[in-house]
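Data first, discussion second: the structure below is written as structure tokens.
Worth saying up front: this structure is predicted, and the values here are computed from it rather than measured. Protein chains get the first letters and strands the later ones, always in sequence-line order, with residue 1 at the start of each.
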Protein chains: 2
Amino acid sequence: MNIGEVAERSGIPTKTIRYYEDIGFLHPKRNENGYRIFEDTELHKLTFIGRARSLGFNIEECRALLALYEDKDRGSADVKKIAQQHVKEIEDKIADLIAMRDTLTHLINACAGDHRPDCPILDNLSDGKTKEA
Amino acid sequence: MNIGEVAERSGIPTKTIRYYEDIGFLHPKRNENGYRIFEDTELHKLTFIGRARSLGFNIEECRALLALYEDKDRGSADVKKIAQQHVKEIEDKIADLIAMRDTLTHLINACAGDHRPDCPILDNLSDGKTKEA
DNA sequence: TCTAAGGCTTCCAGTCACTGGAAGGTCAAG
DNA sequence: CTTGACCTTCCAGTGACTGGAAGCCTTAGA
């Protein structure tokens, strides 16, 4: 397979595939003409990485998962640990975002949204206090 | 005030303050020795930006809010619109993260987490399917 | 008066995970 | 033989900082 076909089948852009080669995720062979040739195993790897990325694992986490994936002797405990750590991080982010949303929603509700310049949102950004109606 | 004091009072690092000057948020005057001198208005602006950033507004949104903040004739509707748009984006992110978390939690629950190599998490990353017990 | 510490300056480079674009080689169809 | 799609490499940019180097300025203490 050439890079274009792999890109289509894995759903990962060619640019990104080359980048993944740069950072050592893949080592495709080369044709006489310099083109990369991908085997099925490379396609699988790419798909694997794509799924992990879409679950929010960062590149280093993907590298760790990939190493575990390729290590036939790893225990599932290692993988579970990475995943659990990751769930914790996701939950922290969710909590942060919910706090943001609630604060903003609160401010929006306090804001008349008309042509007068009086604006609780800006007031809050300016002095950190929310005025109640 | 010198930059160090402003940094302490606004909670924004000196590096970041200089960066904010670079991108045109501030225009502090300079001393004979080249040091930046900050007035109270600059401190207020920085605090304003800091709060907006902590609410997840990006730099361009901050720029817009700052412009509205400094425009005495703006209607609160303009500000409300930016904030509402932002709440939408936050809610999208929350939904994404919840989906990620649920998928991962599901996989973690299916994973024995022992020393055997059989691992539903890797299996899923590899083939996109979750095996039920 | 010298020195040392700390604060200030600028500029350059790195972060993360790509993404865009330029310049040019290769290949298959018409 | 040309056209267009595909491939290659390399360089630069994204967002929002952050780190570090090199060097000037100020202040306190010996």
Self-check item: N/O (side chain, A:Asn33) to phosphate O (OP1/OP2, C:dC27) under 4.0 Å
Solution: yes
Quiz item: Over how many whole Å does the gap from A:Glu5 atom CD to D:dA5 atom C1' extend?
Solution: 15 Å
Exercise. State whether A:Arg63 and A:Glu60 are salt-bridged, where the test is any N-O pair (Lys NZ or Arg NE/NH1/NH2 against Asp/Glu carboxylate O) under 4.0 Å.
Key: yes
Quiz prompt | Within 6.0 angstrom of A:Glu91 CD, more than 12 heavy atoms from elsewhere | solution = yes
Practice problem: Starting from C1' on C:dC8, measure out to CD on B:Glu32 and report it in whole angstrom. | Solution: 15 Å
Quiz item: What orientation do A:Phe25 and A:Tyr20 show, parallel under 30°, tilted 30 to 60°, or perpendicular over 60°?
Solution: tilted
Quiz item: Between B:Arg36 and B:Glu21, is there a side-chain N and carboxylate O pair less than 4.0 Å apart?
Solution: yes
Exercise. Give the rounded distance in Å between these two atoms: CG of A:Asn31 and C1' of D:dT8.
Key: 12 Å
Self-check item: Atom pair distance, as rounded to whole Å: CZ in A:Arg63 and C1' in C:dA17
Solution: 12 Å
Quiz prompt | Whole-Å distance separating the CD1 atom of A:Ile49 from the C1' atom of C:dC18 | solution = 14 Å
Practice problem: Measure the acute angle between the ring planes of A:Phe48 and A:Tyr69, then classify it against the limits of 30° and 60° as parallel, tilted or perpendicular. | Solution: parallel
Practice problem: Provide, to the nearest angstrom, the distance between the CD1 atom belonging to B:Ile3 and the P atom belonging to D:dC24. | Solution: 20 Å
Quiz item: Between D:dG23 atom C1' and B:Tyr35 atom OH, what is the distance in whole Å?
Solution: 11 Å
Quiz item: When you measure from every atom of DNA chain D, which of residues 6-30 of chain A have a heavy atom less than 4.0 Å away?
Solution: A:Lys15, A:Arg18, A:Arg30
Exercise. Among the candidates C:dG25, D:dT26, D:dA16, find the nucleotide nearest to the side-chain atoms of B:Ile59.
Key: D:dA16
Quiz item: CZ of A:Arg36 versus P of D:dC7: gap in Å, rounded?
Solution: 10 Å
Quiz item: Are there more than 12 heavy atoms of other residues, nucleotides or ligands under 6.0 Å from atom CD of A:Gln85?
Solution: yes
